[in-house]
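Numbering starts at 1 and runs along the sequence shown. For clarity, every value in this text was computed on a predicted model and none was experimentally measured.
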Amino acid sequence: MDKLKKVLSGQDTEDQSGLSEVIEASSLSWSTRLKGFIACFAIGILCSVLGTLLLWVPGKGLSLFAVFYTFGNIASIGSTIFLMGPLKQLKRMFEPTRLIATIMVLLCFALTLCSAFWWRNKGLALIFCILQSLALTWYSLSFIPFARDAVKKCFTVCLA
C-alpha cells in the first residue's frame, strides 16, 4: 500500500533534489489527498447529474446543462490532482499513450460549451456531450493496464 501511495503521489523516484524536498515538505497528507479526491469526484458527479436534470428547464436549460455537465467532468478529472499532484497529472495527461485522448476530451469540453452558448444548437450540444463521455471513458481506460486493448477486442468480437 505504501508503494501505491508513493507512486500516486509522485514520490517514487530515488533522487531528491532541493525542489522536490520543498514540494514534499509542503504536500498534503495521504488521508487529506484521499478526502480531497473523493470530495472533488463527488462534486463532479453531482454537477453532471444536475446538468442532465437541468437540460429540461425551458429557456436556459441548454446553457445550464452544458456548463454543469462540462464542469462536472472537469471536476472529475481534476479530482486526480489530489492523488498525484498537479504537475504529475499534467505530465501524465500529455504522455504519448494518452495524448490523443486528452486532446479529444478538451476539444469536446470546448465544443460542448460553444454549441450551447454561441451556436445555441441543442442537438449538437447533446452529441458533443456524448462524445465528451466517450472521450473521457477512453482517457480513463488509458490508466488501467491493457484496458484499451480489452475494449478493442470486445468491440471487434461484437462487430465481427
Between I100 and W138, does a side chain to side chain contact (heavy atoms under 4.5 Å, CB included) hold up when you go through it step by step? CA-CA 10 Å; I100 294 172; W138 191 251; over 6 Å; no
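Remark: A39 engages no residue in a side chain to side chain contact (heavy atoms under 4.5 Å, CB included) (not counting sequence neighbours). With sequence neighbours excluded, the residues that form a side chain to side chain contact (heavy atoms under 4.5 Å, CB included) with A135 are M104, V105. Qualifying side chain to side chain contact (heavy atoms under 4.5 Å, CB included) partners for L90, counting only residues two or more places apart in sequence or in other chains: M93, F94. Applying the side chain to side chain donor-acceptor pair (under 3.5 Å) criterion to T52, with sequence neighbours excluded, gives no partner residue. The side chain to side chain contact (heavy atoms under 4.5 Å, CB included) check on K122 picks up L55, L62, with sequence neighbours excluded. With sequence neighbours left out, the ring-ring contact (aromatic ring centres under 6.0 Å, His included) criterion links F37 to F41. For T97, there are no side chain to side chain donor-acceptor pair (under 3.5 Å) partners, not counting sequence neighbours.
Going from atom CG of L131 over to atom CG of L136 covers 12.0 Å, rounded to the nearest 0.5 Å. Atom CD1 of I127 sits about 8.0 Å away from atom CG of N121, to the nearest 0.5 Å. One finds the CD1 atom of I144 at 12.5 Å from the CG atom of D149 (value rounded to the nearest 0.5 Å). Atom SG of C47 is separated from atom CG of L54 by 10.0 Å, given to the nearest 0.5 angstrom. Taking OG from S48 and CD1 from I43, the interatomic distance works out to 12.0 Å, rounded to the nearest 0.5 Å. Interatomic distance, CD1 of I77 versus OG of S140, reported as 7.0 Å (0.5 Å rounding).
Residues T112 and A125 come closest through the heavy atom pair CG2-O, 4.3 Å. G78 and C40 make their closest contact through C-SG, 4.3 Å (heavy atoms, listed as atom of the first residue, atom of the second, distance). Shortest non-hydrogen contact noted between C108 and F128 is CB-O, 4.2 Å. The shortest heavy-atom contact between Y139 and R148 is CA-NH2, 4.4 Å.
At a threshold of 4.5 Å between side-chain heavy atoms, the hydrophobic network of Ile, Leu, Val, Met, Phe, Trp and Tyr places L34 and F82 in one connected group. No continuous path of hydrophobic side-chain contacts links L99 to L134 [ILVMFWY only; heavy atoms under 4.5 Å]. At a threshold of 4.5 Å between side-chain heavy atoms, the hydrophobic network of Ile, Leu, Val, Met, Phe, Trp and Tyr places L50 and I45 in two separate groups. Side-chain heavy atoms closer than 4.5 Å link hydrophobic residues (I, L, V, M, F, W, Y) into clusters, and following such links, possibly through other members, connects W56 to L126.
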Which pairs of donor and acceptor atoms, one on a side chain in residues 152-160, lie under 3.5 Å apart (sequence neighbours left out)?
| from | atom 1 | to | atom 2 | distance (Å) |
| --- | --- | --- | --- | --- |
| T156 | OG1 | K152 | O | 2.7 |

Result block: side-chain N/O donor-acceptor pairs under 3.5 angstrom for residues 64-73, not counting sequence neighbours:
| from | atom 1 | to | atom 2 | distance (Å) |
| --- | --- | --- | --- | --- |
| Y69 | OH | S133 | OG | 2.4 |
| T70 | OG1 | A66 | O | 2.8 |
| N73 | ND2 | Q132 | OE1 | 2.5 |

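When atom types are taken as modelled, the side chain of R33 and the backbone of L28 share a donor-acceptor pair closer than 3.5 angstrom.
Here salt bridge (Lys or Arg N to Asp or Glu O under 4.0 Å) pairs that include residues 98-116, with residues two or more places apart or in two chains, are E95-R98. Applying the ring-ring contact (aromatic ring centres under 6.0 Å, His included) definition to pairs two or more places apart or across chains, none involves residues 96-126.
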